[in-house]
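Single-structure report; data block below.
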Amino acid sequence: MLDPRESWRHPPHSGLRATWLGHSTVLIEIGGLRLLTDPVWGARASPLSWAGPKRFQPVPLSIQNLPPIDAVLISHDHYDHLDYPTIRTLNRLNLPFITSLGVGAHLQAWGVPNERIIELDWWQDYHLPDSEVSVTAAPSQHFSGRNFKDRNATLWSSLVIRSPRHSVFFSGDTGLTSEYQTIRDRLGPFDLIMLEIGAFHPAWGDMHLGPENAMKAHSLLGGGALLPIHWATFRLSTHTWDQPAEVLYTLAERNDVPLLMPILGQAVEPTHQEKPDTWWRRVETQGAPLTGLRQDTPPKNLLHTQQWPLD
């Protein structure tokens, strides 16, 4: 794990930089702005503070140590993407929240003023004031709901962030869908593509990607630097925590896909690519002191028994 603050003191050389902070939380620097995706600083991806999937990898820094943020982007309302204590803290910073249709009701209930909530239907754009940066909600194949009574009451989206020089795709949560080709045709090409690879199961093939389908989605989207998200933070499925990364690394190498595999807190620019560091392989053999990972990181043979997707 790295402290990204030193990197953030200098603007990105290329004008586009991404810092993965865990699960689907990424700080994107584009067009002179900083956008924060699906921010989750909470200890559990759960409605309960004492039960449910527990974070096994801490966020590299506190919300208070973030640089000035221009907007928060929220793809959908599941607990590992929309986190109550995190939203309550970010709300004190007077930020705009850009999200999918219907999710604003959660934000309003938690104290976010309506004038700082921007809800988007698929294919709708929002242009951030006094900038040349836009956010577009695009289709994804998932579901929503925070309990059994509100299933699919709100929309779920992928998100496209564009400036005059760069374009970024953020998958949120999704299964493989032919809509990716439409997204490429309407909003591509992309300099950076962030796709979920973890918390998947073969029985959930239409709800989550996993590494194999992430490679197919990457191809449908037209290519670009691939940054995997939605892994190494919460135990949400039956696979071992590092399996998605290992499979993706092998497939990307085989198919000559430009892959970014930063350790948590490492700021990366898609135009400045190096061979990915297989840092996850060192967790078990070298231990926490050498990798910066906590001692309670789950071992490779740990299985989670939940058989239905929580997110």
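Keep in mind that this is a model prediction, so the values were computed, not measured.
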Check: [Y] main-chain N/O paired with [X] side-chain donor or acceptor under 3.5 Å:
X      : Y      : result
Glu119 : Thr99  : no
Ser158 : Ala138 : yes
Tyr79  : Arg146 : yes
Trp122 : Trp156 : yes
Arg44  : Arg55  : no
Arg116 : Leu95  : yes

Partners passing salt bridge (charged side-chain N to carboxylate O under 4.0 Å, His left out) against [X] (at least two apart in sequence or in another chain):
X      : answer
Glu246 : Arg281
Asp121 : none
Arg9   : Glu6
Lys149 : none

Looking at the rings of [X] and [Y], which for Trp means the six-membered one, are their centres under 6.0 Å apart?
X      : Y      : value
Phe169 : Tyr180 : yes
His76  : Phe143 : no
His81  : His142 : no

Considering residues at least two apart in sequence or located in another chain, which fulfil the side-chain contact (heavy atoms from CB on, under 4.5 Å) criterion with [X]?
X      : answer
Asp83  : Val40, Pro85, Thr86
Leu259 : Leu226, Pro228, Leu248, Tyr249, Ala252, Met261, Pro276
Pro12  : Arg17, Glu29, Glu269

For the [atom1] atom of [X] and the [atom2] atom of [Y], what is their distance to the nearest 0.5 Å?
X      : Y      : atom1 : atom2 : result
Glu253 : Asn255 : CD    : CG    : 10.5 Å
Leu227 : Leu260 : CG    : CG    : 5.5 Å
Gln243 : Thr240 : CD    : OG1   : 5.0 Å

[X] vs [Y] side-chain heavy atoms within contact, under 4.5 Å:
X      : Y      : answer
Ile28  : Ile161 : yes
Asp80  : His230 : yes
Val103 : Leu155 : no
Ile229 : His23  : no
Trp231 : Trp280 : yes
Val257 : His218 : yes

Salt bridge present between Asp277 and Arg282 (N-O < 4.0 angstrom): yes
Sequence neighbours excluded - side-chain hydrogen bond (donor to acceptor under 3.5 Å, both in side chains) pairs with any residue from residues 131-140: Asp125-Thr136
Looking only at non-hydrogen atoms, find the nearest pair between [X] and [Y] and report the distance.
X      : Y      : answer
Pro139 : Ile183 : O-CD1, 3.6 Å
Pro53  : Phe234 : O-CD2, 3.9 Å
Pro4   : Gly265 : CB-O, 3.1 Å
Pro244 : His239 : CG-CE1, 3.5 Å

Side chains of residues 63-73: which donor-acceptor partners sit under 3.5 Å, not counting sequence neighbours?
unit_1 : atom_1 : unit_2 : atom_2 : d
Asn65  : OD1    : Arg5   : NH1    : 3.3
Asn65  : ND2    : Ser62  : OG     : 3.2
Asp70  : OD2    : Arg34  : N      : 2.8

Residue pair His78, Asp173: steps toward the side chain to side chain donor-acceptor pair (under 3.5 Å) verdict: CA-CA 9 Å; His78 283 153; Asp173 277 0; 4.6 Å; no
Neighbour count >12 (heavy atoms, 6.0 Å) for atom CG, Asn147: yes
Within 6.0 Å of CD in Glu274, more than 12 heavy atoms from elsewhere: no
Arg235 to Phe56 six-membered ring, cation-pi geometry met (6.0 Å, 45°): no
Under 3.5 Å, which donor-acceptor pairs do the side chains of residues 185-199 form with other protein atoms, sequence neighbours left out?
unit_1 : atom_1 : unit_2 : atom_2 : d
Asp191 : OD2    : Ser167 : N      : 2.8
Glu196 : OE1    : His208 : ND1    : 3.1
Glu196 : OE1    : Leu209 : N      : 3.2
Glu196 : OE2    : Thr174 : N      : 2.7
Glu196 : OE2    : His208 : ND1    : 3.0

Which residues share a ring pair (Phe, Tyr, Trp, His ring centres under 6.0 Å) with Phe97, sequence neighbours left out: none
Asp38/Ser75 under side chain to side chain donor-acceptor pair (under 3.5 Å): CA gap, chis, key distance, verdict: CA-CA 7 Å; Asp38 288 356; Ser75 62; 2.7 Å; yes
Inter- and intrachain pairs under ring-ring contact (aromatic ring centres under 6.0 Å, His included), touching residues 24-51, at least two apart: none
